[in-house]
Number of protein chains: 2
Amino acid sequence: MNTDNYCPLNYTMNLIGSKWKPLVLFHLLEGPLRSGMLQKKVPEISNKMFTQTVRELEKDGLIARKVFPVVPPKVEYTLTARGKSLESILKALDQWGLEDLKK
Amino acid sequence: MNTDNYCPLNYTMNLIGSKWKPLVLFHLLEGPLRSGMLQKKVPEISNKMFTQTVRELEKDGLIARKVFPVVPPKVEYTLTARGKSLESILKALDQWGLEDLKK
DNA sequence: ACAATAACTTACCTAAAAGTAGTATAGTAA
DNA sequence: TTACTATACTACTTTTAGGTAAGTTATTGT
């Protein structure tokens, strides 16, 4: 291990450096969403991967999960303060894609 | 497929949404590096993954590969204009990690 | 009584990612 | 002639990611 070259980007990537996490976070920027709606926003994701992704994001304190004790179940996801602090980055990534697509 | 919810972030993630790509790009921000040096900057990466990563980044036009016909081989990697356009995002990701680590 | 509902969870399987170790190259220095 | 260099490729194996399909829950509407 080369500690000389340690950089915080490593840490960031370990938290959100996967295919789905940024997408899920991005769609929560506009406000809380219930589980089904959030999943529909990321159409390519499978049910299993969605559950796995939100579980990890919750564990890392980037989103919060709120369960309403009703039937059928209602579960809502919200960005935490920590999650919200990624807002400008997520928007910049989206914007970059938009600009790059023009070329 | 839900085209209603298409967002450019998908596109961005397909280009740089992997564990290693942002790290490799980040270390090239300060200027060109030869292969061995660049690889040392990302100590956890395996030789194979490094080669694969730079190949893909090159294919996608984010970095340029320059081979010097000497022995032993010398290969240098540089950010292209397209790669450089990610600078603020890469620095923001690094900075975010730095801030987050304080908490 | 039974189907429908939303949000999972689990078991099982395949595909893709990643690690390991070995090989090639072609000069130069010993 | 042998070892060393930096870069990369390959075959092989392991690990992880991901997909599919089924089951679970408890209430409400038929």
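These numbers come from the heavy atoms of this one structure, side chains and all, not from hydrogens, waters or symmetry mates. Residue numbering restarts at 1 for every chain, and letters A, B, ... go by the order of the sequence lines.
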Pairwise N/O distances under 3.5 Å, protein to nucleotides 25-27 of chain D:
none

Residues clustering with A/Leu98 (ILVMFWY side chains joined when closer than 4.5 Å, directly or via others): none
Distance in angstrom units between B/Gln39 CD and D/dC9 C1', rounded: 13 Å
Listed partners of B/Ser18 passing side chain to side chain contact (heavy atoms under 4.5 Å, CB included), at least two apart: B/Lys21
Listed once per pair and sorted, the salt bridge (Lys or Arg N to Asp or Glu O under 4.0 Å) pairs that draw on residues 84-103 of chain B, sequence neighbours left out: A/Arg82-B/Asp100, B/Glu87-B/Lys91, B/Glu99-B/Lys102
DNA chain C: 5'-most and 3'-most nucleotides touching chain B, 4.0 angstrom heavy-atom criterion: C/dA18 to C/dG27
Presence of B/Tyr77 side-chain N/O under 4.0 Å of D/dT7 phosphate oxygens OP1/OP2: no
Distance (rounded to the nearest 0.5 Å) between B/Asp60 CG and B/Arg55 CZ: 13.0 Å
Contact list for residues 22-31 of chain B, test salt bridge (Lys or Arg N to Asp or Glu O under 4.0 Å), sequence neighbours left out: none
Under 3.5 Å donor-acceptor, B/Thr12 side chain and A/Leu93 backbone: yes
Atom-pair distance (CE on B/Met37; C1' on D/dA8), nearest Å: 18 Å
Min side-chain heavy-atom separation B/Trp96-A/Leu15 under 4.5 Å: yes
Residues in side chain to side chain contact (heavy atoms under 4.5 Å, CB included) contact with B/Ser88, at least two apart in sequence or another chain: none
For DNA chain C, the residues among residues 58-68 of chain B that have a non-hydrogen atom under 4.0 Å from it: none
Pairing residues for B/Pro32 by the side chain to side chain contact (heavy atoms under 4.5 Å, CB included) criterion, not counting sequence neighbours: B/Glu76, B/Thr78
Qualifying residues under side chain to side chain contact (heavy atoms under 4.5 Å, CB included), relative to A/Pro73, sequence neighbours excluded: none
Touch class at under 4.0 angstrom, heavy-atom based, for B/Ser35 against every strand present: sugar-phosphate
Pull out every protein N or O sitting under 3.5 Å from an N or O of nucleotides 14-18 of chain D, one pair per line with the distance.
unit_1, atom_1, unit_2, atom_2, d
D/dG18, N7, A/Lys48, NZ, 2.9
D/dG18, O6, A/Lys48, NZ, 3.2

Remaining members of the apolar cluster that contains B/Val71, side-chain heavy atoms under 4.5 Å: none
Whole-Å gap separating P (D/dA8) and NZ (B/Lys74): 13 Å
